[in-house]
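Order of the sequence lines fixes the chain letters, A, B, ..., with proteins taken first and strands second; residue numbering starts at 1 for each chain. Just so you know, these numbers use all the heavy atoms, side chains as well, and skip hydrogens, waters and symmetry mates.
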Amino acid sequence: MNKTAKRIIAYTLASFIAGVIIGDGIAWMMGMASGSGGLVSSKFADELGEVGAIVAQTVLSGIMGVIGFMGSYVYHDERFGITTATLLHGAVTISAIMIISTLCWWNGRTIEGAAIFFGMMVLVYAFVWFSMFFSSKIEVQRINELIQKRRGGSE
Amino acid sequence: MRIEFFEDKNVRETTVTIQAASYSEDIAELIDAIRGFTPHPIDGYSEGSVTKLRKDSIIRIYAKDKRVYADTLDDTYLLKSTLYRLEEELPDNFVRISNSEIVNADRIIRMDLNLIGTIRIYMEGNIESFVSRRYVSKVRRALT
């Protein structure tokens, strides 16, 4: 097995684990907020049984993590600007999260729940775009100052 | 004309001093010749002829259709080398801005970021290109 294949496997595994932590974390927090507790939604547990629901949620959360990681490739692709990369990554990841959140009952399988979930995800991506865009803007501004200094203040 | 060479290990930049009774056309020509001197010029091919390109005259070097080109204010030249090799040979004022392009930092006019989030670079000779985000900090370091 070559170095690249090893690296891909390691990153996939790490992103799977990160996805599991995030997914199970979301479910746990939602359980705490609703007062039911537990690692999975009670309705999901009713559907698959406690163990089956935990296993399914863990696998689906891991897949969510892997999709998020694989999708982050667009940020490294020179063809895409920050906005395009964020839109592409957001579209793929939010779609995956919406499907998984419905399967795992995180959004209660209601339109309101799905809308809240969707809104939260959009806010996260808006924050990512905002921070990346403005840090780049500041960097470009600094570079322009250095160019002006180098060129002796002439355009 | 007498030529003298003084060795001094403390000198950071090679300095040529011309001493003459007065400034003349010959002296002006000599100064031009010294200014035009460039160690290891790059061979640029254009319309069947080869031109020795002074490195400081190059605005950018880029790869296109598996070939490498250099833009100067006068012309575009085909280079028979790879970007990777050229990057090793070029002085510090040349900086990579993407996987396919190296620019002369002294020839950059300005940069800007558009709403799509791509960073545009404007160079002398009305040359425009894009800077890959991963090379932005390298550009800043090259300009410092």
Side-chain angles (χ1 to χ4, degrees), chain A residues 3-4 7-8 10-11 14-15 68-94 121-155, chain B residues 55-66 73 83-84 87 91-144:
Chain A
K3 218 174 177 179
T4 313
R7 197 177 289 171
I8 289 170
Y11 282 142
S15 53
F69 165 72
M70 295 296 182
S72 68
Y73 167 78
V74 292
Y75 284 105
H76 302 286
D77 194 312
E78 290 190 345
R79 289 172 298 169
F80 306 123
I82 295 164
T83 311
T84 318
T86 308
L87 282 172
L88 284 171
H89 192 268
V92 172
T93 311
I94 291 174
M121 291 296 119
V122 169
L123 274 178
V124 167
Y125 275 92
F127 177 75
V128 168
W129 176 84
F130 187 85
S131 52
M132 287 182 84
F133 186 84
F134 282 94
S135 67
S136 290
K137 203 161 180 67
I138 290 165
E139 185 79 329
V140 167
Q141 218 164 6
R142 279 188 193 142
I143 289 173
N144 278 333
E145 282 166 15
L146 290 170
I147 293 167
Q148 288 303 307
K149 212 169 144 187
R150 199 179 179 99
R151 295 179 70 85
S154 67
E155 175 72 0
Chain B
K55 285 167 186 163
D56 64 349
S57 72
I58 296 170
I59 297 166
R60 65 165 178 163
I61 296 171
Y62 57 99
K64 191 180 167 190
D65 302 329
K66 293 182 179 174
L73 279 177
L83 267 187
Y84 179 76
E87 194 179 20
D92 290 345
N93 56 321
F94 279 85
V95 61
R96 191 177 270 271
I97 59 163
S98 68
N99 286 340
S100 58
E101 198 165 339
I102 299 165
V103 302
N104 183 345
D106 294 322
R107 303 286 187 157
I108 304 171
I109 295 172
R110 70 186 168 90
M111 282 168 53
D112 70 28
L113 175 72
N114 61 22
L115 263 181
I116 298 293
T118 46
I119 300 164
R120 221 173 167 78
I121 184 166
Y122 300 86
M123 290 162 278
E124 289 176 16
N126 280 326
I127 296 168
E128 289 179 27
S129 193
F130 290 99
V131 181
S132 171
R133 278 193 310 283
R134 84 167 83 157
Y135 292 106
V136 171
S137 54
K138 267 191 176 182
V139 175
R140 183 166 49 80
R141 280 199 297 273
L143 289 161
T144 309

Against chain A, label [X] side chain, backbone, both or neither, depending on which of its atoms sit under 4.5 Å from a heavy atom there.
{"X": "B:Arg134", "result": "side chain"}
{"X": "B:Asn114", "result": "backbone"}
{"X": "B:Tyr135", "result": "side chain"}
{"X": "B:Leu143", "result": "both"}
{"X": "B:Arg107", "result": "backbone"}

Q. CZ of A:Phe130: more than 12 outside heavy atoms within 6.0 angstrom?
A. no
What closest approach, in Å, do [X] and [Y] show between heavy atoms, and which atom pair accounts for it?
{"X": "B:Arg140", "Y": "A:Ile143", "answer": "CB-CG1, 3.8 Å"}
{"X": "A:Arg150", "Y": "B:Ala142", "answer": "NH1-O, 3.4 Å"}
{"X": "A:Gln148", "Y": "B:Ile109", "answer": "NE2-O, 4.0 Å"}

Rounded to the nearest 0.5 Å, how far does [atom2] of [Y] lie from [atom1] of [X]?
{"X": "B:Arg110", "Y": "A:Ile147", "atom1": "CZ", "atom2": "CD1", "result": "9.5 Å"}
{"X": "A:Leu146", "Y": "B:Thr144", "atom1": "CG", "atom2": "OG1", "result": "5.0 Å"}
{"X": "A:Glu139", "Y": "B:Met111", "atom1": "CD", "atom2": "CE", "result": "8.0 Å"}

Q.
Treating A:Glu78 as the side-chain partner and B:Asn99 as the backbone partner, does any N or O pair qualify as donor plus acceptor under 3.5 Å?
A. yes
(Q) Checking the side chain of A:Thr83 only, and the main-chain atoms of B:Leu115 only, is there a donor and an acceptor separated by less than 3.5 Å? (A)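 Side chain of A:Thr83 to backbone of B:Leu115: a pair is present.
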**Q.** A:Phe80 portion near chain B, given a 4.5 angstrom heavy-atom threshold
**A.**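 Contact with chain B is through the backbone of A:Phe80 alone.
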Q. So which of B:Val139, B:Ile116, B:Ile119 has the largest heavy-atom pair count under 4.5 angstrom toward chain A?
A.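 Max contact count across the listed options: B:Ile116.
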Q.
With chain A as the partner, which of B:Asp112, B:Thr118, B:Asp106 has the greatest number of non-hydrogen pairs under 4.5 Å?
A. B:Asp106
Q.
When you compare the side chain of A:Gln141 with that of B:Leu113, does any pair of heavy atoms fall below 4.5 Å?
A.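 SC-SC contact between B:Leu113 and A:Gln141 ruled out.
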